[in-house]
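Here is the structure we will look at.
This structure is a prediction, so every number in the text was calculated from the model and none was measured. Just so it is clear: chains get the letters A, B, ... in the order the sequence lines come, proteins before strands, and each one is counted from 1.
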Amino acid sequence: MGTEYRLKGSLAFALAGAAFAAPALAGGVPAGVLIENTATATYTANASTQTVDSNTVTFRVDEVLDVATASQESGPVPATTTAVLRFKVTNTGNGPETFTLTANPAVTGNAFNATVTGLAIDVNANGAYDAGVDTALTNGAATPALAADGPLDVLVLVSIPASAPANATSRVELTAVATTGTGAPGTLFAGAGVSGGDAVVGASTASATAQATLTVDKAVVSLVKSATVADPFGGTRPVPSAIITYSIVANVAGTGTVAGLAIADAIPAGTSYQPGTLTLEGAALSDAADADAGQGGSTGVAVQLGDVAAGGTRTVTFKVRIN
Amino acid sequence: MSHRLLTAVCAIALGAGFAVPAFARAPAVALEGDVKLVRQVTENGRTSERLEEPNQVLPGDRLVFTTRYTNGGAEPATDFVVTNPLPGPVKLARVDSFEVSVDGGKTFGALAALKATGADGKPRAAELADVTHVRWRLASIAPGASGEVKYFAEVR
């Protein structure tokens with residue numbers, strides 16, 4: 001008596017199996033999928049083999065609302081006037097869902113707050129905002145529907161206030177919220193899921209926030225001017241004919257580089273510029289407006305320092321005689 | 001029940017292509033499938049399992065699929081074998097007193113004795129998630145006797 005296996009449902013299984021041959025969704029079986037189960041029995045009665053199927057029980061997988069948000073920045077993002085902060089929002093639920101994206105620059109503990117000037121979907125995934133290519137989003141607006149497991153590259157565009165101190169850091173957070181609803185895990189939104197099924201809040205509470213950090217990348221120039229007096233008698237009294245040596249030290253602090261730094265100083269009233277006394281870093285500069293960096297004359301001195309990196313100093317000296 | 005039996009009879013009759021004798025040997029055994037959601041309930045610090053209708057099912061939920069058999073005939077049903085292909089969206093949650101197949105129902109055995117093909121193409125010990133079918137074998141069901149077989153599964 002050969003045992004016969006009638007595998008009703010094996011085709012359905014094969015199809016479903018193919019769907020799951022790909023890496024399983026993080027969020028599990030897609031919402032709306034029908035699960036059908038049928039058992040088959042074979043047996044011998046009255047000396048013949050019989051086969052019988054059970055009824056098929058069918059039910060639907062409901063939708064889980066879950067989301068994950070992560071910063072794509074490996075460290076603080078240097079910013080001078082503007083910056084782009086990269087985030088990734090992933091639909092970790094098991095059905096298509098739209099998410100409201102809100103960028104908040106006012107995170108508790110910030111030394112200063114940046115200004116969010118816009119959000120964008122990084123369509124070409126290059127980490128930069130390309131107007132006309134990337135899709136701009138209003139802060140607080142919803143994304144297009146993300147498929148289950150679907151990631152979305154989100155750019156948060158910020159500007160740095162001029163008052164932000166060099167090297168100060170500031171955090172900006174991005175929150176993604178399922179538009180169907182949020183709440184404690186298990187919160188039910190009846191009929192709000194795929195195919196009219198229910199939607200249920202998952203472990204993420206259907207809301208996820210991530211932070212990225214900005215650091216102010218700016219150079220700050222300070223000038224310190226000092227004077228030494230040498231009188232004709234070997235002393236230091238500022239009497240007529242005494243020579244005053246002025247020293248101007250430009251100090252660049254912070255980070256980055258200042259471009260085109262120039263120092264200009266007028267000759268004080270009652271004094272006369274002493275020709276040929278202009279120096280930069282101890283090296284003489286000609287008084288003429290020529291190829292070298294400086295020029296000097298009866299009205300004042302001017303020195304072009306060019307680009308100076310943070311941490312650098314430049315010292316300019318010149319001499320005047322008290323009339 | 002009687003309507004379903006009749007349907008089954010007709011299916012057998014048409015499928016097998018022999019009419020009158022088939023009616024004489026109408027399937028004596030009926031199968032009744034059911035599924036319940038297994039909910040962990042914690043009350044007063046004690047956790048227990050409660051069976052619910054599968055009105056709301058999410059990935060990770062545990063289910064119990066039950067097949068109830070009844071021999072409504074006058075003769076014993078012998079060599080009784082119930083085979084249940086697992087629906088693709090679920091995976092077996094635990095082994096029980098049944099045989100399993102990890103190759104689409106071609107071969108059956110104890111899970112620990114079966115091999116599956118790993119991601120690297122090499123054989124590895126079969127796991128619960130590899131199970132494609134479960135199968136129960138009973139020597140005989142007496143006339144009028146009934147019982148049930150079940151397996152626990154988890155929504156993938």
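- Of the inter-residue distances, the one linking B:D79 atom CG with A:Q50 atom CD reads 12.5 Å to the nearest 0.5 angstrom.
- The shortest non-hydrogen separation linking A:N46 to B:E75 is OD1-CG, 2.8 Å.
- The two atoms that bring A:S54 and B:T67 nearest to each other are CB-CG2, 4.5 Å, heavy atoms only.
- A distance of 9.5 Å separates CG of A:N37 from CG of B:L63, quoted to the nearest 0.5 Å.
- Pairing each heavy atom of A:G28 with each of B:P59, the nearest pair is CA-CB, 3.7 Å.
- Contact annotation for B:N55: only backbone heavy atoms (N, CA, C, O) come within less than 4.5 Å of a heavy atom of chain A.
- In this structure, CZ in B:R135 is found 13.0 Å from OG1 in A:T40, a value given to the nearest 0.5 Å.
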For this session: Could you give me the CA-CA distance, side-chain angles and deciding distance for B:L58 and A:V61, then say whether side chain to side chain contact (heavy atoms under 4.5 Å, CB included) is met?
Result: CA-CA 6 Å; B:L58 300 174; A:V61 176; 5.7 Å; no

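- Atom-to-atom distance recorded for A:I35:CD1 and B:R156:CZ is 10.0 Å, nearest 0.5 angstrom.
- No side-chain heavy atom of A:D53 sits less than 4.5 Å from a side-chain heavy atom of B:L31.
- Chosen from B:A77, B:G73, B:G60, the residue pairing most often with chain A at heavy-atom distances under 4.5 Å is B:A77.
- Counting heavy atoms of neighbouring residues, nucleotides and ligands inside a 6.0 Å radius, atom NZ of B:K150 does not exceed 12 of them.
- Taking the side chain as every heavy atom from C-beta outward, B:V57 and A:R60 never approach each other to under 4.5 Å.
- More than 12 heavy atoms of other residues, nucleotides or ligands shown are found within 6.0 angstrom of CZ on B:R124.
- Residues A:Y43 and B:I141 have side chains not in contact (no heavy-atom distance under 4.5 Å, counting atoms from C-beta outward).
- The CZ atom of B:F80 sits 11.0 Å away from the OG1 atom of A:T44 when rounded to the nearest 0.5 Å.
- Nearest heavy-atom pair across B:N84 and A:T38 is ND2-O, 3.3 Å.
- To the nearest 0.5 Å, atom CG of residue A:D62 and atom CD of residue B:Q56 are 5.5 Å apart.
- Heavy atoms closer than 4.5 Å to chain A are found in both the backbone and the side chain of B:P54.
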